[in-house]
Amino acid sequence: MAEYNRVSECVGLITLRNPPVNALSAAVRQGIVDTVQRALSDPNVKSVVICGQNGIFCGGADIKEFGSNMTGPPLIPMIHAIESANKPVVAAIEGSALGGGLELALGCHYRIAHSKARLGLPEVSLGLLPAAGGSQLLPRLIGVPAALNLITTGRHVTAAEALQLGIVDQVTDHNTVDAAVKFALSVAGRSLDPRRISTHPCPQQPDLDAFFEEVMQKVRQSARGAIAPIACVQAVRAAATLPYAQGMERERELMATLFTSGQARALQYCFFAERAVGRWRMPSGARWDTSKPRPVHKAAVIGLGTMGRGITVALAQTGLSVIAVETQEKQLMEAKQAISAMLERGAKRRGVAPALDGVIYSQNIQAVADVDLVIEAVFEDIALKTKVFQQLSAVCKPGTLLCTNTSALDVDQLASETPNPELVVGMHFFAPAHVMKLLEVVYGPRSSPQAVATAMQLGKKMGKASVAVGNCRGFVGNRMLKPYIEEAFFLLEEGATPELVDQALEEFGFPMGVFRMSDLSGLDVGWRVRKGDGLVEPGTASGRSARIRQGRRYSPLGDLLCEEGRFGQKTGRGWYQYDKPGSRVARSDPWLHSFLGAYRAQHGLVARRIDHQEVLERCLYALINEGFHILDDGIAAGPEDIDVIYVSGYGWPRHRGGPMFYANMVGLAKVLERLEHYQQLHPEVPHLQPSSLLRRLVASGSPPIHKWGEAIKKLHSQL
Ligand SMILES: C/C=C(\C)C(=O)SCCNC(=O)CCNC(=O)[C@H](O)C(C)(C)COP(=O)(O)OP(=O)(O)OC[C@H]1O[C@@H](n2cnc3c(N)ncnc32)[C@H](O)[C@@H]1OP(=O)(O)O
């Protein structure tokens, strides 16, 4: 797990070998301890180089070990032994040096990095802090503000930035190990005292108390309830104020609290879930590892409204050539300007040239004749989309994949209007499409595995968290959102205010509660959908019967606000009021409160006191319950798919792992009991009726989330 060789006669070369990322498993740690000892005791060795095999230095501690009893030598004494060695130790950093990997490098006396390497202390994103000395060493090396920035955000820096910050001593474009060996030879015999970071004083920070108070306030605000960023600040403060040994003790104490926390479990679950969704599978048995994607060199986007523009940018930024089609001349001109501006801004941010020449604009759908894949993003109207699909089928070369960016329409129905339904999939982007991480790849019963594989691969290229899901109304994300929003409306009828509901959800960790979100996205969006579903009626009727539509409880509150022209931020009024249309600062609106009072009186509803717990239970458990229906229906292959969708596209707080992980943490029996409780109180609300899968999982002993897949298979086979 760590190989030892002597090179250039007097350099001991230690190579970490633990594919794919040389994580510091027990065996690797043991290997390092043994090989360092060997190098230090070999009189022929004058200096030592540590590197990793296969172009990656080290991805840090082995995260898979965290859930089990840790064995093998601990990291901290291992790193201290390297630092206190009497021969120079040089880290040769290729690929990544992350977390414990960077801490290992900080224990070395010198660091040489390849120009393409990335370095960072991302422990915070796993609910932890750099507790192998990173929180104490990095501030001593690069100063408190820079170290705080890296440690509290977990961001990875390039080799160039690492050099500028003083994390590495040299950057090379050539063979890093060769450069490190040469360097190691050049420093052999030099005094190592100045190179031992733990002995450095932490650079002075003026107005220390005020500085840390301000940092803590900012971090608390952005953490939205996450505890690790706060512990990271506390640990760095210890580095700035305490001698090294005491700082290390503080680091250990803080880590002890984080290590066993539910948040750390949630965040580590997210890490693996994001990787697991790439291993997609369909109910037909088709899978990621047996389905070969088609090459996509040239793509097209049809319809250049907000979504089409974002999709064009996302595609062009991957280096594809894109034909962007919009039939309306004025709209095409506006889109061209907007897309160019987005590409320029993105390129500036990433320090590259904008891919302006990668996009060709056309008013004519014939221009897409030779593309490999088309993404249709026209107005959400089935007749219009059907017409576009028929045109595309006639125009495109054989084998072109036809993708629709619908958020609600039936992908299978569209597919059935084309001669090659196997080439049709949904690619459901989220606005703004070039920014939002999530992509739902929607397959119908006739979509070919190759079409799904191609869309998934393209999503990955665009940097999206791409999740393959089955076709149903709202797919996964929006289908689960519906009961969540409906419960929020019902809570208003029963006595809550938008402020109360939003506060409960924001304290839970959502960036915005239901109503502030609805004001941002526009109340008219849902109104149009409800009208299409035949749910909207004139608002004059009163009483309970006026609030039962299509046999179930219905709240017309959103419709009534739309009838008043209150569409949210864009009209300056919605669930809140705004200084002017387009303004973003929501203020409580007395009009809305009297409107709610009048509405309750009209319908004979008596307002009661509603607390945060009820808001959370009703909104979140209704959403989770729909998640169980989705699993039972086979629309999502596993709970990880649902959780990745919610964390990357719907603002579910990552430190709570996603809705299904949250249900697992709360306990399935408790979720079931609360749903049963609310269902008894609200029998006319079907979405509070516990899903049969939830009942069956509880009856089978509430298996932990990583065993749900197995349990679901078993339960289905018993049906
Ligand atoms: C205390 C805590 C300490 C001391 C720590 O060190 S905590 C760990 C800190 N390190 C990290 O957070 C790094 C995590 N890894 C990554 O960011 C990336 O994997 C990478 C940048 C190192 C490489 O990225 P990429 O090439 O895209 O590869 P994948 O991300 O797809 O990973 C490949 C497989 O390796 C598994 N993996 C990655 N890192 C670790 C790790 N530290 N421990 C265990 N396993 C790791 C990853 O899960 C992939 O496997 P599968 O899940 O696909 O089976």
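Atoms within each ligand, like the ligands themselves, are counted from 1 in listed order.
At the top of the distance list for atom 54 (O) of ligand 1, counting protein heavy atoms only, stands R279 NH1, 3.6 Å. In this structure, atom 50 (O) of ligand 1 lies nearest to the protein heavy atom K64 NZ, 4.6 Å. Scanning the protein heavy atoms around atom 2 (C) of ligand 1, the nearest turns out to be E123 CG, 3.7 Å.
Between E103 and ligand 1, no pair of N/O atoms sits closer than 3.5 Å. For ligand 1, the polar-atom distance check against R275 finds a nitrogen or oxygen pair separated by under 3.5 Å. Residue M255 has no N or O atom closer than 3.5 Å to an N or O atom of ligand 1. Residue contacts with ligand 1: G59 is placed with a nitrogen or oxygen under 3.5 Å of a nitrogen or oxygen of the ligand (distance criterion only). Geometrically, ligand 1 and A23 share no nitrogen or oxygen pair separated by less than 3.5 Å. Taking distance alone, with nitrogen or oxygen atoms compared against 3.5 Å, G100 approaches ligand 1 more closely than that limit.
There is no protein heavy atom less than 4.0 angstrom from atom 28 (O) of ligand 1.
Residue F272 approaches ligand 1 through these ligand atoms, each under 4.0 Å from one of its heavy atoms: 48 (O). Within ligand 1, counting atoms from 1 as listed, the ones closer than 4.0 Å to a heavy atom of P20 are 33 (C), 34 (C), 35 (O).
Across the listed options V21, I56, L98, L98 owns the non-hydrogen atom lying nearest to atom 17 (O) of ligand 1.
Between F510 and Y650, a ring centre-to-centre spacing not shorter than 6.0 Å is recorded.
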